[in-house]
Asks: 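The structure that follows is given in the form of structure tokens.
Just so it is clear: chains get the letters A, B, ... in the order the sequence lines come, proteins before strands, and each one is counted from 1.
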Number of protein chains: 4
Amino acid sequence: MVAAVEDKAEAILHAALELFAERGFHGTSVPSVAERAGVAAGTIYHYFASKEALVNALYKQCKGAIQAEALSNFPFDAPPREQFRVTWSRLADFALSHPKEFAFLELHHHGTYLDAESKAIETRLVALGVATIQQAQASQALKMLDPNLLLEFGNGAFIGIFRAAMAGRLPFTKETFMTAEQCVWEAIRA
Amino acid sequence: MVAAVEDKAEAILHAALELFAERGFHGTSVPSVAERAGVAAGTIYHYFASKEALVNALYKQCKGAIQAEALSNFPFDAPPREQFRVTWSRLADFALSHPKEFAFLELHHHGTYLDAESKAIETRLVALGVATIQQAQASQALKMLDPNLLLEFGNGAFIGIFRAAMAGRLPFTKETFMTAEQCVWEAIRA
Amino acid sequence: MVAAVEDKAEAILHAALELFAERGFHGTSVPSVAERAGVAAGTIYHYFASKEALVNALYKQCKGAIQAEALSNFPFDAPPREQFRVTWSRLADFALSHPKEFAFLELHHHGTYLDAESKAIETRLVALGVATIQQAQASQALKMLDPNLLLEFGNGAFIGIFRAAMAGRLPFTKETFMTAEQCVWEAIRA
Amino acid sequence: MVAAVEDKAEAILHAALELFAERGFHGTSVPSVAERAGVAAGTIYHYFASKEALVNALYKQCKGAIQAEALSNFPFDAPPREQFRVTWSRLADFALSHPKEFAFLELHHHGTYLDAESKAIETRLVALGVATIQQAQASQALKMLDPNLLLEFGNGAFIGIFRAAMAGRLPFTKETFMTAEQCVWEAIRA
DNA sequence: CATGAATGAGTTTTCATTCAT
DNA sequence: TATGAATGAAAACTCATTCAT
């Protein structure tokens, strides 16, 4: 059955997500993924050619999900302040509703086991962010600094908040993220 | 003899630093550390009881170094704006002069293999940061938000800048960090 | 239906022949046989009880084919010189027209996975050869040496020529074999 | 100790020789080699980088041994008849005193796992054989046929005799081989 | 102190075989 | 009859750790 196939692959991806997010790629064994997914070790190799293929599939799925949530219907015509708020809010929604996915992406975006395609997704996203920032700079809404600096600044701040919230040092709520949003805006606005 | 002992231990720690920072704890084998350190695999076990003991020793050493550089002679009597600038500047100096150490700390502060003592250092540092922030808030220099939020915000932004610089997406210079410093200040000041 | 059944079984045997001849029994996986035969892995087990049963079936088929080609209408009444030439010529024809079958037989006649029946075929053939040689010796056409020696000698020489021809070190032609035939005759004749 | 090291490596090579000769490369597992050698499975990888490296090392050692036995002090100045007898006799001595080595070489010289260096040894030997045959032809001692045919003919016959003797169908004695030698000479002489 | 050979449990991966569909 | 997903045992190989030297 198609449903069964998708269920198995999904179960494997889900188990892998949890374990990779917790212990990292090298800290997670294929049998442990199989056990948590409730399948035999060999079964994983019916769906994924190798452990590397598994992380990459997971990475693409998660990156796709965050992109879909964060960038669909981007308010191109809204003013920069609004664009920033919406983007940040959507990222917060994603992080709140998919903390494991977010943690996984955060932990693995530098891995040597990521293939070219996986890395390309990240690169495209950064390029999109930079372009949006440049537009906002053109309308004098943002500081005239290196767009990469503004981007990485916001990105880093978001991740810092997320990590602290996951560790219990901050409430893991929308409010926490939106409070930070206001701060970041003050940091980057012209 | 003492010098030789320290040399070997130091060589092992240095090799471990590079490899752990590059490939992570689980991605680094003890023999590979031995090889890079120019010692036999067994020698590592004269200085460190286990691979876990090795990371922890390294973690403590690096955390101690960053603490020494960032917090010695902290300008307790300076105004908050100055305190922040000095702290950020010193962190930047450390990150610029010890990028491997900084990357290592960044990559490992969540590891399940860190022992209680290692985690305690981090906790103490956070407490110190929070206390300093609260003082600055008392003098109405900073926003009246959860001090943890302000702390993690700044921390995250710093790390974001550092990572981007290491990846070549930003110039790896003091200027990059100090430009970001001004932004962060605008984000957190009252 | 019957045609289809034979087709599938035949396809499996053909695929197995190629792969076993190329890579040997242990070097060939059942799924790879299935893939080359264009059937599902499970289908193989409808026709053959196991991988061992498959090699044995193939072995018997090939041995039967070579026997049919080489021994049908054996010229019992011809003089030994003629009998030898005919036998050798027919073997050459078989090797030239069925190189994979010949190579397969050559590669597998010693396998521990061959069952008693498979081995018995070989034994019977050898006995037949020995008997024929003894007759020729009785008529003083051949050297009075151990018939097994004469048999294995010719057999080995044939295989040596075949292998070298397959490897491209000799032309893979009837002429090559018939030239060798003359040599062998001079080696064994009285 | 050097002796111990050589002993272990030698024990592994010896165990591998027996098993590879019996069951072939793919039919032999590394743990089974370890068990027969009396070492742990992991120990094999201290001496040989991989299972392939192990066969190749063994192949080179055996090929070297047979070359040393068969070709040292080759009687370049003797007449062809004598050269042939000496060579065959030495090969027979080797096969009789090192049957496993001979069987191993016979079984593996076509393997896809043999590296370039291993294959080169074989190629060089064949070239040497061909050159010697050509000289003998120049002095009209041998038939004026393709030297490769004469070489492979003799080689095949030798192997046929060897195999039959190993299988118990012929006495495994020097006499068996030397009787065959006389036959081969009659096959190839002018 | 220092070595590095040796271990054996653990890793990733393959594969002969089964079985629900 | 045919499929191919699923299994789990076993393969090749790695590695943290020990210990005789």
Asks: Just one of A/F25, A/F20, A/Y59 clears the ring pair (Phe, Tyr, Trp, His ring centres under 6.0 Å) bar with A/Y113, so which one?
Replies: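 When ring pair (Phe, Tyr, Trp, His ring centres under 6.0 Å) is applied between A/Y113 and each of A/F25, A/F20, A/Y59, only A/F25 qualifies.
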Asks: Return the pairing partner of F/dA16 with a 3.5 Å limit on both distances, Watson-Crick or G-U wobble; otherwise return none.
Replies: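 The base-pairing partner of F/dA16, which may sit in any strand shown, is E/dT7.
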Asks: Expressed in angstrom and rounded to an integer, what is the separation of A/H46 atom NE2 from F/dT7 atom C1'?
Replies: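 These atoms are roughly 8 Å apart.
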Asks: Quick check for you: among F/dA16, E/dT11, E/dA16, whose closest atom lies nearest to any side-chain atom of B/S29?
Replies: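 The answer is F/dA16.
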Asks: Does C/A49 or A/S50 map to a spot on DNA chain E nearer the 5' end, using the closest nucleotide for each?
Replies: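 The 5'-side residue here is A/S50.
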Asks: Would you kindly give the CD1-to-C1' distance between A/I12 and F/dA5, to the nearest whole Å?
Replies: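 Answer to the nearest Å: 11 Å.
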Asks: F/dT1 P sits how many Å from C/Y47 OH, rounded?
Replies: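 Distance, rounded to whole Å: 7 Å.
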Asks: Can you tell me how far apart CG (C/L58) and CD1 (C/I12) are? Round to the nearest 0.5 Å.
Replies: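 Between atom CG of C/L58 and atom CD1 of C/I12 there are 11.5 Å.
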Asks: With nearest nucleotides of DNA chain F determined for D/F25 and C/V39 from heavy-atom distances, which residue corresponds to the more 5′ nucleotide?
Replies: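 On the 5' side of the pair lies C/V39.
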Asks: Quickly work out the B/R23 CZ to F/dC15 C1' distance and round it to whole Å.
Replies: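 Taking CZ of B/R23 and C1' of F/dC15, I get 14 Å after rounding.
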Asks: Specify the residue among A/A40 and B/S32 whose closest nucleotide of DNA chain F lies further upstream toward the 5′ end.
Replies: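 Comparing both residues, the 5'-ward one is A/A40.
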Asks: Would you kindly compare A/V30 and C/V30 by the position of their nearest DNA chain E nucleotide and give the one closer to the 5′ end?
Replies: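 Nearest nucleotide further toward 5': that of A/V30.
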Asks: By the 4.0 Å heavy-atom rule, please label A/T28 as base, sugar-phosphate, or nothing.
Replies: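 It contacts sugar-phosphate atoms only.
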Asks: What nucleic acid atoms does A/P31 come within less than 4.0 Å of, heavy atoms only: base, sugar-phosphate, or nothing?
Replies: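 A/P31: base contact, heavy atoms under 4.0 Å.
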Asks: For B/L54 and F/dT17, give me the distance from atom CG to atom C1', rounded to whole Å.
Replies: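 Distance check: B/L54 CG to F/dT17 C1' gives 14 Å.
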Asks: What is the distance, to the nearest angstrom, from the CD1 atom on A/I44 to the P atom on F/dG8?
Replies: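 From A/I44 CD1 to F/dG8 P: 13 Å.
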Asks: Which whole-number value in Å describes the distance from B/D7 CG to E/dA2 P?
Replies: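 After rounding, the reported distance stands at 10 Å.
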Asks: Quick one: is E/dA6 close enough that its OP1 or OP2 comes under 4.0 Å of any side-chain N or O from D/K8?
Replies: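 Checking D/K8 against E/dA6: at least one side-chain N or O falls below 4.0 Å of OP1 or OP2.
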Asks: Just checking B/T43: base, sugar-phosphate only, or nothing, at a heavy-atom cut-off of under 4.0 Å?
Replies: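 Contact class for B/T43: base.
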Asks: Going by distance alone, is a donor N or O of one side chain under 3.5 Å from an acceptor N or O of the other, for A/H14 and A/E18?
Replies: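 The answer is yes; a qualifying pair exists.
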Asks: Ignoring backbone atoms, test whether B/Y45 places a side-chain nitrogen or oxygen under 4.0 Å from the OP1 or OP2 oxygen of F/dT17.
Replies: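 For B/Y45, the contact criterion (side-chain N or O under 4.0 Å from OP1 or OP2 of F/dT17) is met.
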Asks: Tell me which nucleotide, if any, is Watson-Crick or G-U wobble paired with E/dT14 when both distances must be under 3.5 Å.
Replies: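 Its partner is F/dA9 (Watson-Crick or G-U wobble, both distances under 3.5 Å).
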Asks: Rounding to a whole Å, what distance do you find between A/K51:NZ and E/dG10:P?
Replies: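 The distance from NZ of A/K51 to P of E/dG10 comes to 15 Å, rounded to the nearest Å.
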Asks: Do B/M166 and B/K100 have side-chain heavy atoms sitting under 4.5 Å apart?
Replies: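 A side-chain contact is absent here, since even the closest heavy-atom pair is not under 4.5 Å.
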Asks: Ion pair present between C/E106 and D/R163, side-chain N to carboxylate O less than 4.0 angstrom?
Replies: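 So C/E106 pairs with D/R163 through a salt bridge.
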